[in-house]
There are 2 protein chains.
Amino acid sequence: MRKASPGLSEKQLGAYFALAEVSSLLQYAVAEHLRIDGDLSYVQFQVLARLVDAPGGKLRMTDLADGVVYSRSGLTYQARLLDQRGLITRSPSPDDERSVMVAVTDAGRDLVAQVLPGHVDRVRQLLFEQLTSDDVIVLHKVLGRARDHMRAAPPRSAKPRARRNRTG
Amino acid sequence: MRKASPGLSEKQLGAYFALAEVSSLLQYAVAEHLRIDGDLSYVQFQVLARLVDAPGGKLRMTDLADGVVYSRSGLTYQARLLDQRGLITRSPSPDDERSVMVAVTDAGRDLVAQVLPGHVDRVRQLLFEQLTSDDVIVLHKVLGRARDHMRAAPPRSAKPRARRNRTG
DNA sequence: TATTGTTATACTCTATAACTATA
DNA sequence: TATAGTTATAGAGTATAACAATA
């Protein structure tokens, strides 16, 4: 592992491991806070956050599934939980009657607003506290580029149906 | 979310979201490969990788739990699975008879060696393919600093017992 | 008393397949 | 036929609490 691998340089391996560990620690800390402070799982928070961010506070189920969870049924499960708590509503799309539009409710927005400061606080303490603003800019630039690249390739909610050749 | 938050700047939020999405996409892709190629979950691979990396190929259960999983019982569960497949062994520590030393077997090393090239390949394709070597160096430096900071704080396997003041 | 690890148990989450309905 | 979503179901994983054993 630590020795020079055939595919990745020492530097690359180090960067990869650092990324993996940082995101793991960060996600764990943040998830703990969300649970305590808002009784939300990380996935549920992501769903709400995406909706708050979306124009009109609305998104189709499939778009949500692509962004957050990796199966339609998984999102249906989470959406039911959020629906039962009154944090979102689900209604048939006027454009396409097959689609379901998910919308944040006021209660959902309130909960996000309630949870966000503490969330942001943890992130700042853990990740940004001793990063310079140059670090942040570079991080944003480099990871943003990686994200765009990675977004381009993968299907996801489509995969269970489109059944592509499995490598193994 | 996208508006200026009280705690994080626009740049910081962007960096945070990019980090979250990159690591999520990366982990998903890598986990899929590990499952197909070696019938290993991501956690199981991490356990094996840490052992391969450790001096003598051995670590205590608690040290493994701190590094990988977040509860002792969770690690016991994973360790049993790996043990049953002959990838690790568990034996009482000679130093402290309460402790259990976990050691990779040859089969475990072989499996890591078998899986690693494809793993590394995916990481390179998804993450490094269009990053410059300067990007990688900066990423390593910045994330490494963040990791060291985050490592300093958290308990984890200790938490369930040492029961510290909960923030919420 | 504190620490290490296991076990029993309950719960959350995710994915697969089968199904309905619309395009 | 293809797409959108739900449901039933089964499996993996995790955490909590209670436990035994050692320091």
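Every chain is numbered from 1, with letters handed out A, B, ... down the list of sequences.
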For the pair made of [atom1] in [X] and [atom2] in [N], what is the distance, rounded to whole Å?
{"X": "A/L34", "N": "C/dT12", "atom1": "CG", "atom2": "P", "answer": "17 Å"}
{"X": "B/L81", "N": "D/dG13", "atom1": "CG", "atom2": "C1'", "answer": "10 Å"}
{"X": "A/Y42", "N": "C/dT12", "atom1": "OH", "atom2": "P", "answer": "21 Å"}
{"X": "B/F45", "N": "D/dA12", "atom1": "CZ", "atom2": "C1'", "answer": "20 Å"}
{"X": "A/R35", "N": "D/dA15", "atom1": "CZ", "atom2": "C1'", "answer": "11 Å"}
{"X": "A/Q27", "N": "D/dT14", "atom1": "CD", "atom2": "C1'", "answer": "14 Å"}
{"X": "B/L75", "N": "D/dT16", "atom1": "CG", "atom2": "P", "answer": "15 Å"}
{"X": "B/L82", "N": "C/dT6", "atom1": "CG", "atom2": "C1'", "answer": "16 Å"}

Next item on the list: Take B/M150 and A/E21 through the test side chain to side chain contact (heavy atoms under 4.5 Å, CB included) and record every step on the way to the result.
Entry: CA-CA 9 Å; B/M150 293 168 75; A/E21 189 163 353; over 6 Å; no
Note to self: Test your reading of the model: is there a side-chain donor-acceptor pair from A/T76 to the backbone of A/R72, 3.5 Å cut-off?
What the structure shows: yes
Next item on the list: Return yes if some donor-acceptor pair links the side-chain N/O of A/T105 with the main-chain N/O of A/G86 below 3.5 Å, else return no.
Entry: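 Yes; at least one donor-acceptor contact below 3.5 Å.
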N/O contacts under 3.5 Å, protein versus nucleotides 7-10 of chain C?
residue	atom	partner	partner atom	Å
C/dT7	OP2	B/R80	NH1	3.2

Are OP1 or OP2 of [N] and a side-chain N or O of [X] less than 4.0 angstrom apart?
{"X": "A/Q78", "N": "C/dT14", "answer": "yes"}
{"X": "A/Q44", "N": "C/dT12", "answer": "no"}
{"X": "B/S71", "N": "D/dT16", "answer": "no"}

Note to self: What's B/L64 touching, base or sugar-phosphate or nothing? Going by heavy atoms closer than 4.0 Å.
What the structure shows: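 Nothing, no heavy atom under 4.0 Å.
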Next item on the list: May I ask you to decide whether B/D148 forms a salt bridge with B/R145, counting only side-chain N to carboxylate O separations under 4.0 Å?
Entry: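 Looking at B/R145 together with B/D148, the answer is no, because their closest N to O distance does not fall below 4.0 Å.
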Next item on the list: Taking only Lys NZ, Arg NE, NH1 and NH2, and the carboxylate oxygens of Asp or Glu, determine whether A/R50 and A/D53 approach each other closer than 4.0 Å.
Entry: no
Margin query: Pair B/L40, B/L87 - check side chain to side chain contact (heavy atoms under 4.5 Å, CB included), show working.
Written below: CA-CA 11 Å; B/L40 287 173; B/L87 303 174; 4.3 Å; yes
Margin query: Run the side chain to side chain contact (heavy atoms under 4.5 Å, CB included) test on A/V138 and B/V142 for me, step by step, so that the C-alpha distance in whole Å, both residues' side-chain angles and the decisive distance to 0.1 Å come before the verdict.
Written below: CA-CA 9 Å; A/V138 174; B/V142 171; 5.9 Å; no
Next item on the list: Start with the C-alpha distance between A/R60 and A/D63, add both sets of side-chain angles, then the distance that settles salt bridge (charged side-chain N to carboxylate O under 4.0 Å, His left out), and finish with yes or no.
Entry: CA-CA 5 Å; A/R60 292 191 318 147; A/D63 298 331; 3.3 Å; yes
Next item on the list: Could you note down all residue pairs passing side chain to side chain donor-acceptor pair (under 3.5 Å) where residues 109-121 of chain A supplies at least one of them, sequence neighbours left out?
Entry: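 Only A/H119-B/Y16, A/D121-A/R124, A/D121-A/Q125 qualify under side chain to side chain donor-acceptor pair (under 3.5 Å).
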Next item on the list: Kindly point out which of D/dA4, C/dC13, D/dT14 is positioned nearest to the side chain of B/V43?
Entry: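 That would be D/dT14.
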Check: Using a heavy-atom distance cut-off of less than 4.0 Å, which residues of residues 91-100 of chain B contact DNA chain D?
Finding: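 Within residues 91-100 of chain B, the residues near DNA chain D are B/D96, B/E97, B/R98.
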